[in-house]
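This report concerns only the one structure given below.
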Amino acid sequence: MEKRPDWDSYFMEIAEIVSKRSTCIRRKVGAIIVKDKRILSTGYNGAPVNLVHCNEKGCLRQKLNVSSGERHELCRGLHAEQNAIIQAAYHGVCIRDATLYSTHLPCSICIKMLINAGVNSIVYKDGYPDKLSLEIISEARLKVSKFE
């Protein structure tokens, strides 16, 4: 008999599947917001609705040789975590006291949004080179764990 995955494994695998919808040419990220073992919303990184995606138009940050984790404002896309928050808001779903599962540690911009949206824990698989994000996480006393 096949062993059932634990909850963290189950949700992280779903976040990885969500990341496959990403249109970013630098890093594919998937995120899901979960509460009481129920998925409330999902998001992947890509351009806003009705805009040309980066995989078609190209990446300004790549053209300018911007390092990962820097100059987020130059990206035409939204981050997976932002899209998950927006999807919840769009459909009127409260994400207070929820957990974010993400294929990558959220950047400082996303961390600030998650804090103000009431998300209180984060489970991530891969790191992200944003020192400010780590400082904010520490100061906010968010429950953050690396998925192993």
Side-chain angles (χ1 to χ4, degrees), residues 2 4-130 132-134 136-137 142-148:
E2 190 174 341
R4 292 174 72 191
D6 60 65
W7 287 108
D8 283 348
S9 298
Y10 172 74
F11 292 129
M12 189 57 71
E13 189 170 339
I14 293 170
E16 289 172 344
I17 291 169
V18 171
S19 76
K20 293 179 180 184
R21 290 281 307 152
S22 170
T23 57
C24 179
I25 59 179
R26 289 173 55 129
R27 181 186 317 261
K28 296 193 178 303
V29 180
I32 65 171
I33 299 176
V34 174
K35 186 173 181 180
D36 299 327
K37 298 180 183 161
R38 302 287 185 259
I39 297 170
L40 302 178
S41 68
T42 67
Y44 53 87
N45 53 335
V49 175
N50 298 323
L51 294 185
V52 177
H53 289 282
C54 304
N55 60 356
E56 299 169 31
K57 186 173 180 85
C59 175
L60 178 59
R61 293 178 73 235
Q62 190 171 49
K63 288 176 189 168
L64 296 175
N65 208 21
V66 175
S67 296
S68 184
E70 297 178 7
R71 303 292 314 270
H72 298 109
E73 76 279 5
L74 296 176
C75 180
R76 68 185 286 107
L78 291 159
H79 289 188
E81 303 90 340
Q82 293 168 337
N83 275 324
I85 293 167
I86 291 165
Q87 183 184 82
Y90 186 87
H91 292 287
V93 176
C94 179
I95 59 174
R96 182 184 313 117
D97 299 324
T99 297
L100 174 91
Y101 286 83
S102 181
T103 57
H104 294 76
L105 180 70
C107 73
S108 56
I109 294 169
C110 291
I111 284 293
K112 292 183 282 187
M113 292 176 71
L114 291 162
I115 290 167
N116 276 5
V119 171
N120 61 14
S121 63
I122 296 168
V123 179
Y124 72 96
K125 187 171 183 183
D126 294 319
Y128 189 74
D130 186 337
L132 181 58
S133 177
L134 297 174
I136 293 170
I137 287 168
L142 280 173
K143 180 182 173 193
V144 177
S145 58
K146 187 170 183 353
F147 177 79
E148 300 295 335

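Sequential numbering from 1 along the given sequence is applied to the chain's residues.
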- [ ] Classify the ring geometry between Tyr10 and Trp7 as parallel (under 30°), tilted (30 to 60°) or perpendicular (over 60°).
- [x] perpendicular
Is it the case that more than 12 heavy atoms not belonging to [X] sit under 6.0 Å from its [atom1] atom?
{"X": "Lys143", "atom1": "NZ", "answer": "no"}
{"X": "Gln62", "atom1": "CD", "answer": "yes"}
{"X": "Arg21", "atom1": "CZ", "answer": "no"}
{"X": "Asp6", "atom1": "CG", "answer": "yes"}

- [ ] Kindly determine whether Asp130 and Leu105 satisfy side-chain contact (heavy atoms from CB on, under 4.5 Å), including the steps that lead there.
- [x] CA-CA 9 Å; Asp130 186 337; Leu105 180 70; over 6 Å; no
Task: Asn55 side chain to Thr23 side chain, donor-acceptor N/O pair below 3.5 angstrom - done: no
Open item on the list: Just verifying a value: how many Å separate Ile85 CD1 and Ile33 CD1, rounded to the nearest 0.5 Å?
Closed with: 5.5 Å
Task: Reported SG-to-CG distance for the pair Cys110 and Asn45, which is rounded to 0.5 angstrom - done: 9.5 Å
4.5 Å side-chain heavy-atom contact, [X] and [Y]:
{"X": "Ser68", "Y": "Arg26", "answer": "yes"}
{"X": "Tyr101", "Y": "Asp8", "answer": "yes"}
{"X": "His79", "Y": "Ile109", "answer": "no"}
{"X": "Glu16", "Y": "Lys125", "answer": "yes"}
{"X": "Tyr128", "Y": "Asp126", "answer": "no"}
{"X": "Leu114", "Y": "Pro106", "answer": "yes"}

Open item on the list: Show, in sequence, the C-alpha distance, side-chain angles and deciding distance for Arg4 and Glu2, and conclude whether the salt bridge (Lys or Arg N to Asp or Glu O under 4.0 Å) test is met.
Closed with: CA-CA 6 Å; Arg4 292 174 72 191; Glu2 190 174 341; over 6 Å; no
Where do [X] and [Y] come nearest, in terms of heavy atoms and distance?
{"X": "Val29", "Y": "Thr103", "value": "CA-OG1, 3.3 Å"}
{"X": "Gly43", "Y": "Val18", "value": "O-CG1, 3.3 Å"}
{"X": "Pro5", "Y": "Ser9", "value": "CB-CB, 4.1 Å"}

